[in-house]
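Here is the structure we will look at.
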Number of protein chains: 2
Amino acid sequence: MLRQGPLDRRLGYLLRRAQLAVFQDFFATFAGFAVTPAQYAVLTLVEANPGSSQAQVADALAIKPANFVGLVRTLVGRGLVRRAPVPGNRRSMALTLTDAGAELLSALHAAADAHEGRIADHLGPDVYAALLEPVARLGRLRGA
Amino acid sequence: MLRQGPLDRRLGYLLRRAQLAVFQDFFATFAGFAVTPAQYAVLTLVEANPGSSQAQVADALAIKPANFVGLVRTLVGRGLVRRAPVPGNRRSMALTLTDAGAELLSALHAAADAHEGRIADHLGPDVYAALLEPVARLGRLRGA
DNA sequence: TATTGTTATACTCTATAACTATA
DNA sequence: TATAGTTATAGAGTATAACAATA
């Protein structure tokens, strides 16, 4: 067991290790669904914002439009998401969930809740609850 | 501005966004040094554990030995780290900082402290201080 | 001119298999 | 047999440049 030195006071390092561990539990939880964290995020955002454009969803998730193309194509190919031209703006493609997509996502949300519950058990419910907001705030940090 | 739905209660998602933002500030801070987060972590661990083997350092950082080879080679090539055979075990390579490595790392620690200070300012010092331990605990979570 | 979506492409990170030399 | 380090390689994820269609 090596000493950590100042490394256990470096938030970026700790966040990287934390994200890796949490994603590992996510993968275990979602193994039966073959859905990645990115795909779950897209489905969730489309559900919350039906009819929003690819550019809007990609921007909200900080995914480059070029990289978003393949992601959407996969979800459309699996019959979970529908792409339709926006009336009045022939550049944009509006995204909505199909019935199959909405049904699957309902199961995914349940799995995600169980996943979050496991994390809350690990940290203690109070610590878990106190963690969400400041971590979300970190996401709004802008590099100097 | 799209609605987040349950996404703002998904710790894995929030951690990913947080890590991205914090690393962005790290890159801005360390731009003049051309040192990546991984390289900083290796240097810090070697400083805290001089003479430890490649396998020990790689394992402590959860880096696969195969991927650690290039990392060490870069640091040795820049004259920051020394690799020496371990007396009594001709398989292992012991890592230590060179004088140049120790000197550079001292400057890197100062830059990292400034980087952490900026994050503490962003969150408020109390929130920042309360964050380190639970995030470190998350890193010890094991996937189901 | 600017925006939306797209293709092509390159670069980094990470993962696995297979090898060597040592133990 | 198992361990330390290495090579080669494949797969993600992410970044930029350039383009067509549209605004």
Side-chain angles (χ1 to χ4, degrees), chain A residues 2 12-13 15-17 19-24 26-28 30-31 34-42 46 51-77 81-95 143, chain B residues 2 12-13 15-17 19-21 23-24 26-28 30-31 34-42 46 49 51-77 81-95 143:
Chain A
L2 298 189
Y13 173 75
L15 285 170
R16 174 179 166 270
R17 298 297 300 261
Q19 189 227 307
L20 243 58
V22 169
F23 268 37
Q24 214 169 324
F26 180 98
F27 286 125
F30 283 70
V35 168
T36 66
Q39 290 170 344
Y40 173 71
V42 172
V46 171
S52 53
S53 71
Q54 281 196 200
Q56 284 177 310
V57 176
D59 184 67
L61 294 174
I63 298 174
K64 297 268 178 288
N67 298 327
F68 198 58
V69 173
L71 233 175
V72 170
R73 184 171 305 170
T74 300
L75 296 174
V76 170
V81 166
R82 188 174 19 247
R83 273 164 41 99
V86 172
N89 185 340
R90 284 184 297 172
R91 282 182 306 189
S92 296
M93 298 302 279
L95 302 180
Chain B
L2 298 187
Y13 173 75
L15 285 169
R16 174 180 166 268
R17 298 297 300 260
Q19 190 228 306
L20 243 59
F23 269 38
Q24 214 168 324
F26 180 98
F27 286 125
F30 284 69
V35 168
T36 67
Q39 290 170 343
Y40 173 71
V42 172
V46 171
N49 306 274
S52 52
S53 72
Q54 281 196 201
Q56 284 177 310
V57 175
D59 184 67
L61 294 174
I63 298 175
K64 298 268 179 286
N67 298 326
F68 198 58
V69 172
L71 233 175
V72 170
R73 184 171 306 171
T74 300
L75 296 174
V76 170
V81 167
R82 186 173 21 246
R83 271 165 43 97
V86 172
N89 185 338
R90 283 186 298 172
R91 284 183 305 191
S92 297
M93 297 302 278
L95 303 180

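Below, read A as the first sequence line, B as the second, and so on, with proteins coming before strands; counting in each chain starts at 1.
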Donor-acceptor list for residues 66-77 of chain A side chains, cut-off 3.5 Å, not counting sequence neighbours:
unit_1	atom_1	unit_2	atom_2	d
A:Thr74	OG1	A:Gly70	O	3.0

- Message: Expressed as a whole number of angstroms, how long is the span from A:Met93:CE to C:dT3:C1'?
- Response: 15 Å
- Message: Rounding to an integer number of Å, can you tell me how far A:Gln56 CD sits from C:dT3 P?
- Response: 14 Å
- Heavy-atom check, side chain of B:Asn49 versus side chain of B:Val57, under 4.5 Å: no
- Query: Would a 4.5 Å heavy-atom cut-off, applied to side chains only, mark A:Leu95 and A:Arg82 as touching?
  - Reply: no
- Item | Shortest non-hydrogen contact between B:Ala60 and A:Tyr13, atoms and distance | O-OH, 3.8 Å
- In whole angstroms, the gap separating C1' of D:dT14 from CZ of B:Phe23 amounts to 15 Å
- Task: Would you kindly give the CZ-to-P distance between B:Arg83 and D:dA4, to the nearest whole Å?
- Result: 14 Å
- Report yes if at least one side-chain N or O of A:Gln54 is closer than 4.0 Å to OP1 or OP2 of C:dT6; otherwise report no. yes
- Under 4.0 Å between a side-chain N/O of A:Arg73 and OP1 or OP2 of C:dT7, yes or no? yes
- Task: With rounding to the nearest 0.5 Å, note down the distance linking CG in B:Leu2 to OG in A:Ser53.
- Result: 8.0 Å
- Query: In the 5'-to-3' direction, what one-character label does each nucleotide of nucleotides 11-23 of chain C receive under the scheme B = base within less than 4.0 Å of a protein heavy atom, S = sugar-phosphate only, - = no such atom?
  - Reply: ---BBB----BBS
- In terms of ring plane angle, is the pair B:Phe26 and B:Phe23 parallel, tilted or perpendicular, where the classes change at 30° and 60°? tilted
- Task: Using whole Å, report how far CG of B:Leu95 lies from P of D:dA4.
- Result: 13 Å
